[in-house]
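Please read the structure below before turning to the comments.
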There are 2 protein chains.
Amino acid sequence: MLTDRQLLILQVIIDDFIRSGQPVGSRTLSKKHQIAFSSATIRNEMADLEELGYIEKTHISSGRVPSEKGYRYYVDHLLPPQRLTRADIQKIRSVFAERIYELEKLMQKSAQILSELTNYTSIALGPAFKESKLKRMQIVPLNEQTAVAIVVTDTGHVENRVVTIPPSMDAGDLEKMVNIFNERLNGVPLIDLKEKMETEVADVLRRHIRNYDSMLNTLIETIDVPEEEKVFFAGKANMLNQPEFSDIQKVRPLLNIIEQEKDIYRLLRKQTQKGVRVSIGHENELRGMENCSLITATYSVGDEPLGAIAILGPTRMEYSRVITVLNRVASDLSAALTKWYQSQ
Amino acid sequence: MLTDRQLLILQVIIDDFIRSGQPVGSRTLSKKHQIAFSSATIRNEMADLEELGYIEKTHISSGRVPSEKGYRYYVDHLLPPQRLTRADIQKIRSVFAERIYELEKLMQKSAQILSELTNYTSIALGPAFKESKLKRMQIVPLNEQTAVAIVVTDTGHVENRVVTIPPSMDAGDLEKMVNIFNERLNGVPLIDLKEKMETEVADVLRRHIRNYDSMLNTLIETIDVPEEEKVFFAGKANMLNQPEFSDIQKVRPLLNIIEQEKDIYRLLRKQTQKGVRVSIGHENELRGMENCSLITATYSVGDEPLGAIAILGPTRMEYSRVITVLNRVASDLSAALTKWYQSQ
DNA sequence: TTTAGCACTCGAATTGTTTGAGTGCTAACA
DNA sequence: TGTTAGCACTCAAACAATTCGAGTGCTAAA
């Protein structure tokens, strides 16, 4: 177990390093007002902390730098309390004060405010619509061969696809078909839509409409394309401001991960337990993120976590501030969404 | 006017520099099989070319590098003919061979193939829908207070917004309203929609529906939000592979421009005359693009240019190849879109 | 247990040197 | 008159040598 003095020294080292990015030496530490011991004493303690794996040297005669284990301990036990300024709180609030017209805009804005307040890259994963149910289906014919199929969910989300109309079908059939759908499928969760269409509805259709099947198949096929939740990024270029990424070679894999979106998407998707999670350096499974920390928080509607927002930065990250900001944005976002969903 | 020999030398210098990225010296040139003169002769010619402003030295005793004027001349008069390989042509064709379900996917794929074939950053501007006309409007109530307003255009494009229903309005009114819209506004270009709604339709509404006006205003307001064409990027990270951008300081402003999207959007929007356009270095008005060239091409449906695709890279760019690829993709994209629109 | 002192280490910055690719100019040549 | 060989000169880049300073570990005294 670490002594109080060791804890103090560890904390000051990490705080200082996060601020400056420079290895911290014993003399620098001894000058801090929080610390009353000589540099020699500190050197002894630092040697112990190093042996325990909390800090490291960059070379034999250098100051110390936190190890991943050190950061982990810091995040778990030593986070200095942090309060947002009025201005920050105000900024966040103003984002969510406006009337929501589009969920996507809201998510984009959330990401934006996150990267603005932290100067890191931020990510927002759109809410998962798996749960949402069919409110209305609509087919708008464009001409003889094509039509737009539109699906509206109870959450106000709209999906649409262009479909081909089989030559044997006319406008009347189409209308009948849509009516049957809306009668039978109202309130069905989108995930079950395909199955229901194939079983229950097919029977009814068979009785009323000739040649319904090729059209039905086209529809099922197009509706079934699983719509992935969108990922919103902001402040990608902030990555370049970090001195640890001043070397192009080190940024490239990161920017690739970011550009790809898919990996990040999966990472955030996994995050379903409530609250803030911090992944430091090699705790991230993704290759190319060894020098990064990813801090995620979930947002929810009512009690159910729907999605996640996250900050991506170097392991030398302002954990305290980032976590505070993330918490605040997540809770404001949750509140806004809850209000929005409740009115549905 | 330049002599034939000067032209030859200029061309070889630029070709070589584009390939190698290194300043080209007289000895290197004299060894090329296309060139039969001694290095001393070449030095004389190069001195002339420099005086005329087509090439520059990086320092007093260095080889020569093309100036922007040199690139401009090269692009206008010296482009070596370039043919795509079968494989390349095949790759492009396969992108457009598939059935189009969503315009956005198609644009995204166009951008992707562009950056894949050129190793630069590519941009695709979605088709401008200004011309498109209202096919159908639909209002789907979600609950007492809110509804989704959906607009379908004759091109199969779907726009939707959440709107608030004034308390004084009931489901019947809503339905009547939509019916009136669809009767009166079918075929009206989206740009004129607002005006028509305010003038013609308002009168009819007044006669049939109580309290129509607050709802109408909400609708007009939400429909009127000008939907900007989307910009699709691909290969952003390719920027980092260029040796001229190996310094973070030089990439940052560029990545900022790219991340912002707005400036690029405007730039591409302006490009309406048909064909390929090349902007070299300072010909680009945007700050931060001094070291870049932007090559744009328009794609059209029938005879009307609808949008643009572009490649962004360093001024030392493989102009010949890029222009060839861009032309090919633009014409294949045009063909695909034309087919698609014709069937509407 | 703490601290002062000292020898030692190493990265970073500075300086000097060498090397090679390139130039311009001049004089000879075809 | 145009072309070329030769020569002196320039400069960036690579490399080695040197210095400087911030840091360490260890020891002995307080």
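By convention in this document, chain letters (A, B, ...) are assigned in the order of the sequence lines, proteins followed by strands, and residues within each chain are numbered from 1.
For residues 62-73 of chain B, every residue pair satisfying the salt bridge (charged side-chain N to carboxylate O under 4.0 Å, His left out) rule, not counting sequence neighbours, is listed here: B/Glu50-B/Arg64, B/Arg72-B/Asp76, B/Arg72-B/Glu283. Each salt bridge (charged side-chain N to carboxylate O under 4.0 Å, His left out) pair with one or both residues in residues 7-33 of chain B, not counting sequence neighbours, appears once here: B/Asp16-B/Arg19, B/Asp16-B/Lys32. Among residue pairs with one or both ends in residues 287-296 of chain B, none qualify as salt bridge (charged side-chain N to carboxylate O under 4.0 Å, His left out); sequence neighbours excluded. The stretch residues 9-60 of chain A participates, sequence neighbours left out, in these ring pair (Phe, Tyr, Trp, His ring centres under 6.0 Å) pairs: A/Tyr54-A/Tyr73.
In this structure, A/His59 atom NE2 and C/dC8 atom C1' are separated by 13 Å, rounded to whole Å. Atom CG in B/Leu49 sits about 12 Å away from atom P in C/dT23, given to the nearest Å. Atom CD of A/Glu45 and atom P of C/dT2 are 8 Å apart (whole Å).
One finds no side-chain N or O of B/Ser61 lying less than 4.0 angstrom from the OP1 or OP2 phosphate oxygen of C/dG22. Side-chain nitrogen and oxygen atoms of B/Ser62 include none within less than 4.0 Å of the OP1 or OP2 phosphate oxygen of D/dC11. Contact between the side-chain N/O atoms of A/Arg5 and the OP1/OP2 oxygens of C/dT1 is not found at any separation under 4.0 Å.
Remark: B/Arg316 pairs with B/Glu244 by the salt bridge (Lys or Arg N to Asp or Glu O under 4.0 Å) rule, at least two apart or across chains. Under the side chain to side chain donor-acceptor pair (under 3.5 Å) criterion, A/Gln249 pairs with A/Arg252, not counting sequence neighbours. Take A/Lys270 and apply the salt bridge (Lys or Arg N to Asp or Glu O under 4.0 Å) test, not counting sequence neighbours, and it matches A/Glu285.
Of the residues in residues 9-37 of chain A, those placing a heavy atom less than 4.0 Å from an atom of DNA chain D are A/Gly25, A/Ser26, A/Thr28, in numerical order.
Residues B/Arg43 and B/Ser26 have side chains that bring a donor and an acceptor to within less than 3.5 angstrom of each other.
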Look for any protein N or O under 3.5 Å of an N or O in nucleotides 25-30 of chain D and output each such pair with its distance, or none.
| unit_1 | atom_1 | unit_2 | atom_2 | d |
| --- | --- | --- | --- | --- |
| D/dG25 | OP1 | A/Arg64 | NH2 | 3.1 |
| D/dG25 | N7 | A/Arg43 | NE | 3.1 |
| D/dG25 | O6 | A/Arg43 | NH2 | 3.2 |

